[in-house]
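Heads up, the thing below is written out as structure tokens.
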Amino acid sequence: MSSKPVRPDLALAREMDWHQGSIISSGGVYGSARLLEGWGTAGETIALDALLRRAVRDGPALFRDLQPGDRQQRTRLDAAFLRVRDLLGRCDSRIQFSPLLFHLIGIAGDMGMAYQPLVTPGSRWVPMPSPVGPAPQSHADAFDELLSRVVEVGRKPAVRVACRRWWEQAEDDFTSANAYLDACLKVSPRLFVLRLDLGDWGSLLADSPRPPVIGDVQEVKARFSRFARALSRTDRKAIVGYMARLDFSPAKGFFHHVIILLQGGQADNAVDWCERLGQRWVGLAPEGEGAFSGCNWIFKSPASAVGLIEAGRPADRVAMERWVLPYLTLASRYSRVCLKPRQRVFTRGILSKAGQEK
């Protein structure tokens, strides 16, 4: 009997949580995974973004409109309150959220929620001087005011355009990743999908663990560019192509999740390739900071089961589009590393016409 399929948004959240909240706690490809702070938050961010989009379209659900005895709606409102509260508690200037979430955070700051965070709906709110309208009396009132202001802003034409463009950029990246995969499968009809996380959390693995060195995002991007150029120059006979996503976790720092598309004949050497490429990244990093994870082996998720794929097997393509490519691209519907305006978190190689698999 087949298991019930996982919803696409839940599948994406699972991958985001694994990568943003896991490291290798012992060396080598088969090192055990250790979960860090941030595990389990991606699904809440996705759900909150969807809630705001519904609120802009249909109008917000507010505590002041709650009918006595309506337990189901009360449960929904309590869940929405907690999602807003938790997002405001984990904001980070290095992460850029979707436009509606961005406005939610900004309006919350204007309302003084950085100094008086949301606690529970029934908690008493300490009013601040407000030039417009009555001051909230409870945290439920403050939530209602916050959500109402977000909806008002979200209905402005400029914000609607920004939301559409933000969503379309992620979709365009997903399309680009699929087209690149097609091109690689034409070069080599059999590919091994090697997945690595490359970052600077080496200090967490030291005998006396220390917080990771967050570093400068532009330096991390430049270092990955050197890593990628080496792939193209020295490993053409084995490596058909690569795709990568720059990401960030408060406990893990900046890191790249990388898909290395190896010639199918290299499947038996995948562990060796993982170690070799991981150590190459470590060699580029500052002393004691570089680290890597072999995601094919340490992550207990369906994406980890994706290894050898063939152009003629539709199920392989479904697995790539369901589990592997969305994290690289569609995760940007909700959040992405904050970069300069024209910089992207998703990148891919230039396909080489050499190295046809024999």
Side-chain angles (χ1 to χ4, degrees), residues 15-39 41-42 90-96 194-235 239 242-260 271-299 327-328 331 335-340 343-347 349:
E15 288 302 299
M16 292 171 69
D17 285 333
W18 270 116
H19 292 288
Q20 293 170 358
S22 300
I23 65 165
I24 290 291
S25 58
S26 59
V29 170
Y30 296 110
S32 59
R34 178 154 61 96
L35 300 183
L36 299 171
E37 183 182 358
W39 166 255
T41 62
R90 65 174 186 271
C91 295
D92 193 293
S93 62
R94 288 156 291 205
I95 293 293
Q96 184 179 14
L194 176 64
R195 301 162 60 241
L196 301 91
D197 280 353
L198 307 175
D200 293 342
W201 63 84
S203 58
L204 288 169
L205 308 178
D207 292 336
S208 299
R210 304 179 307 280
V213 178
I214 299 300
D216 176 77
V217 66
Q218 297 302 328
E219 189 278 328
V220 173
K221 281 179 62 65
R223 199 184 333 144
F224 180 77
S225 293
R226 296 197 297 273
F227 175 87
R229 284 196 297 271
L231 293 179
S232 302
R233 291 173 181 169
T234 62
D235 305 313
I239 297 177
Y242 75 88
M243 293 178 274
R245 174 183 177 82
L246 173 63
D247 210 338
F248 175 81
S249 164
K252 190 173 178 178
F254 294 110
F255 66 96
H256 281 86
H257 178 59
V258 188
I259 304 295
I260 305 292
V271 171
D272 179 63
W273 274 108
C274 182
E275 289 282 359
R276 191 188 316 176
L277 296 174
Q279 291 301 332
R280 181 182 296 175
W281 170 260
V282 171
L284 292 171
E287 182 67 28
E289 295 179 16
F292 70 97
S293 299
C295 305
N296 297 70
W297 298 278
I298 70 158
F299 289 99
Y327 170 63
L328 292 176
S335 64
R336 62 193 184 204
V337 171
C338 190
L339 294 171
K340 297 177 182 178
Q343 291 184 324
R344 307 271 289 279
V345 297
F346 170 71
T347 186

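Since the model is a prediction, treat every value here as computed from it, not as a measurement.
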Distance-only criterion, 3.5 Å: show the donor-acceptor pairs between side-chain atoms of residues 211-219 and protein atoms not counting sequence neighbours.
| from | atom 1 | to | atom 2 | distance (Å) |
| --- | --- | --- | --- | --- |
| D216 | OD2 | Q218 | N | 3.0 |
| D216 | OD2 | E219 | N | 3.0 |
| Q218 | OE1 | Q343 | NE2 | 2.9 |
| Q218 | NE2 | Q343 | OE1 | 2.8 |
| E219 | OE1 | R223 | NH2 | 2.8 |
| E219 | OE2 | R223 | NE | 3.1 |

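- Considering only residues two or more places apart in sequence or on other chains, F254 meets the ring-ring contact (aromatic ring centres under 6.0 Å, His included) condition with F248.
- Residues satisfying the ring-ring contact (aromatic ring centres under 6.0 Å, His included) criterion with F224, sequence neighbours excluded, are F227, H256.
- Residues satisfying the side chain to side chain donor-acceptor pair (under 3.5 Å) criterion with Y327, sequence neighbours excluded, are D247.
- Remark: W297 pairs with no residue by the side chain to side chain donor-acceptor pair (under 3.5 Å) rule, at least two apart or across chains.
- R90 is linked by a salt bridge (Lys or Arg N to Asp or Glu O under 4.0 Å) to nothing, counting only residues two or more places apart in sequence or in another chain.
- Contacts of R344 classified as side chain to side chain donor-acceptor pair (under 3.5 Å), with partners at least two apart in sequence or in another chain: D173.
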N/O donor-acceptor pairs under 3.5 Å from side chains in residues 277-295, not counting sequence neighbours:
| from | atom 1 | to | atom 2 | distance (Å) |
| --- | --- | --- | --- | --- |
| R280 | NH1 | D235 | OD2 | 3.1 |
| R280 | NH2 | D235 | OD2 | 3.2 |
| W281 | NE1 | G199 | O | 2.9 |

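- Shown here are the side chain to side chain contact (heavy atoms under 4.5 Å, CB included) partners of R210, two or more places apart in sequence or in another chain: S203, A206.
- Listed by chain and number, the residues in a side chain to side chain donor-acceptor pair (under 3.5 Å) with R195 are E15, H19 (sequence neighbours excluded).
- Partners of R94 according to the salt bridge (Lys or Arg N to Asp or Glu O under 4.0 Å) rule, which considers only residues two or more places apart in sequence or in another chain, are D92.
- Applying the salt bridge (Lys or Arg N to Asp or Glu O under 4.0 Å) rule to R226 yields no partners; only residues at least two apart in sequence or on another chain are considered.
- Within the 3.5 Å criterion, the main-chain N or O of W201 finds no donor-acceptor partner in the side chain of K252.
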